[in-house]
Amino acid sequence: MMVDEKFCFKEATNLTVHKTSVFFPGDGFIVYDPNREIIFRFDSYGPDSEPKDELVLMDAGGKGLLTLRRKKPSLHQRWEGFLGEREEDRQEPVFSVCRSSIIGRSNLIVQVFGDPGEEYHIRGSYSQRCCTIFYTSSENSSKDPVAVIKRKVDPSTHVMLGKDVFWLCVRPGFDGAFAMGLVLVLDQMYGDNADGDVQDVDPTSEDFSS
């Protein structure tokens, strides 16, 4: 799944995700590349506790990259992703995100509509900022990690930062915009509430920064 080739980095890349906003505390996101340049942003215009049915991930200049819309009604908490800013109801989604089960802890499944064999699973605890995104396909039953969400440690003090600042680590060739779109969905589905988080994984099990 590719949103824009320029966000598919040639090397493993750690993006810094900052949950913040100038409008309401903690209701938006700013994402920085390793050079501390803004690469993505998401602005919201309502309190963080207010459920949102449509999200638009933008680049640094405010261009819409992905529109994410909550599917209603949906027992599996399904979201659909559209390229750019969705303006017409006729526009078809390019992927969907949903829980694999309506009860208990479950994986999140990401289905890509352009390629029926392409699928991703998300495991971990987003509320603890500890998740792994795995690629899988109909031809290969193994799961290949392509992105990791993990807590950020201050390199100068070695102190773990709060959950409003974390790393989104993406594998070479995996689209960072697509990965950040999935972060927005995770934040809406789980936020800082551990109830119903996806299945636990070892927080040190995957790392692309070596």
Side-chain angles (χ1 to χ4, degrees), residues 12-21 24-34 39-42 44 47-52 55 57 66 68 70 76-79 81 97-110 119-136 143-171 174-210:
T13 302
N14 292 347
L15 304 175
T16 298
V17 182
H18 188 190
K19 189 174 182 182
T20 184
S21 177
F24 292 90
D27 78 329
F29 285 91
I30 300 175
V31 185
Y32 300 89
D33 67 14
I39 185 171
F40 305 123
R41 49 183 267 227
F42 164 68
S44 178
D48 186 43
S49 59
E50 179 180 316
K52 301 171 180 65
L55 318 170
L57 177 68
L66 272 178
L68 303 151
R70 190 192 306 268
H76 291 260
Q77 301 186 45
R78 181 181 298 274
W79 284 75
V97 185
C98 69
R99 295 177 61 182
S100 59
S101 172
I102 62 175
I103 58 174
R105 291 177 177 243
S106 60
N107 291 335
L108 286 185
I109 298 175
V110 184
E119 187 174 279
Y120 300 88
H121 291 187
I122 305 175
R123 296 184 62 188
S125 173
Y126 176 78
S127 66
Q128 297 302 316
R129 308 300 187 259
C130 175
C131 283
T132 302
I133 301 171
F134 297 94
Y135 168 78
T136 185
K143 291 181 172 61
D144 187 16
V146 291
V148 173
I149 299 165
K150 63 180 182 180
R151 299 285 292 273
K152 184 169 183 176
V153 176
D154 187 309
S156 59
T157 63
H158 304 289
V159 173
M160 183 175 290
L161 302 179
K163 290 190 290 185
D164 60 337
V165 180
F166 55 95
W167 265 317
L168 173 60
C169 312
V170 293
R171 195 182 71 174
F174 187 65
D175 193 301
F178 179 42
M180 188 58 206
L182 298 180
V183 170
L184 294 185
V185 172
L186 284 166
D187 191 71
Q188 287 297 306
M189 294 179 75
Y190 300 110
D192 293 332
N193 182 7
D195 293 340
D197 254 351
V198 285
Q199 295 176 354
D200 293 334
V201 294
D202 180 353
T204 60
S205 61
E206 310 295 348
D207 191 346
F208 309 118
S209 59
S210 58

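- The backbone N or O of Ile149 lies less than 3.5 Å from no partner atom in the side chain of Arg129, so there is not a single donor-acceptor pair.
- Atom OH of residue Tyr120 and atom CZ of residue Phe174 lie 5.0 Å apart, to the nearest 0.5 angstrom.
- The main-chain N or O of Ser127 is found under 3.5 Å from a side-chain atom of Lys163 such that the two form a donor-acceptor pair.
- Among all heavy-atom pairs drawn from Phe166 and Arg151, the shortest one is CB-CA, 4.5 Å.
- Under the 4.5 Å side-chain criterion, counting only non-hydrogen atoms from C-beta, Leu108 is in contact with Tyr190.
- For the residue pair Leu57 and Gly181, the shortest heavy atom distance occurs at CD2-N, 4.0 Å.
- Between Ile122 and Ile133, the shortest heavy-atom contact is CG1-CG1, 4.1 Å.
- Between atom NZ of residue Lys143 and atom CD of residue Glu119 there is a gap of 8.5 Å, rounded to the nearest 0.5 Å.
- Note that CD1 of Ile30 is 12.0 Å distant from OG1 of Thr16, once rounded to the nearest 0.5 Å.
- Across all non-hydrogen atoms, the minimal contact from Pro34 to Leu15 is CD-CD2, 4.4 Å.
- Within the 4.5 Å cutoff, no side-chain heavy atoms of Ile39 are placed close to those of Met180.
- No side-chain heavy atom of Thr132 sits less than 4.5 Å from a side-chain heavy atom of Arg123.
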Check your understanding: Yes or no on side-chain contact (heavy atoms from CB on, under 4.5 Å) for Leu182 and Val97, after CA distance, side-chain angles and deciding distance?
Key -> CA-CA 8 Å; Leu182 298 180; Val97 185; 3.7 Å; yes
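- A heavy-atom distance below 4.5 Å is found between the side chains of Trp79 and Gln188.
- Side-chain atoms of Val31 and Leu168, non-hydrogen and from C-beta on, never get closer than 4.5 Å to each other.
- Side-chain contact between Asp164 and His18 is present, with heavy atoms from C-beta onward closer than 4.5 Å.
- Annotation for Leu68 and Gly81: closest pair CD2-CA, 4.0 Å, computed over non-hydrogen atoms.
- Scanning all heavy atoms of the two residues, the minimum distance from Ala177 to Asp175 falls at N-OD1, 2.8 Å.
- Summarising the geometry, atom NZ belonging to Lys150 is positioned 6.0 Å from atom CH2 belonging to Trp167; distances are rounded to the nearest 0.5 Å.
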**Study point:** Residue pair Val183, Tyr126: steps toward the side-chain contact (heavy atoms from CB on, under 4.5 Å) verdict
**Key:** CA-CA 9 Å; Val183 170; Tyr126 176 78; 4.2 Å; yes
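- To the nearest 0.5 Å, atoms CZ (Arg99) and CD1 (Ile109) are separated by 11.5 Å.
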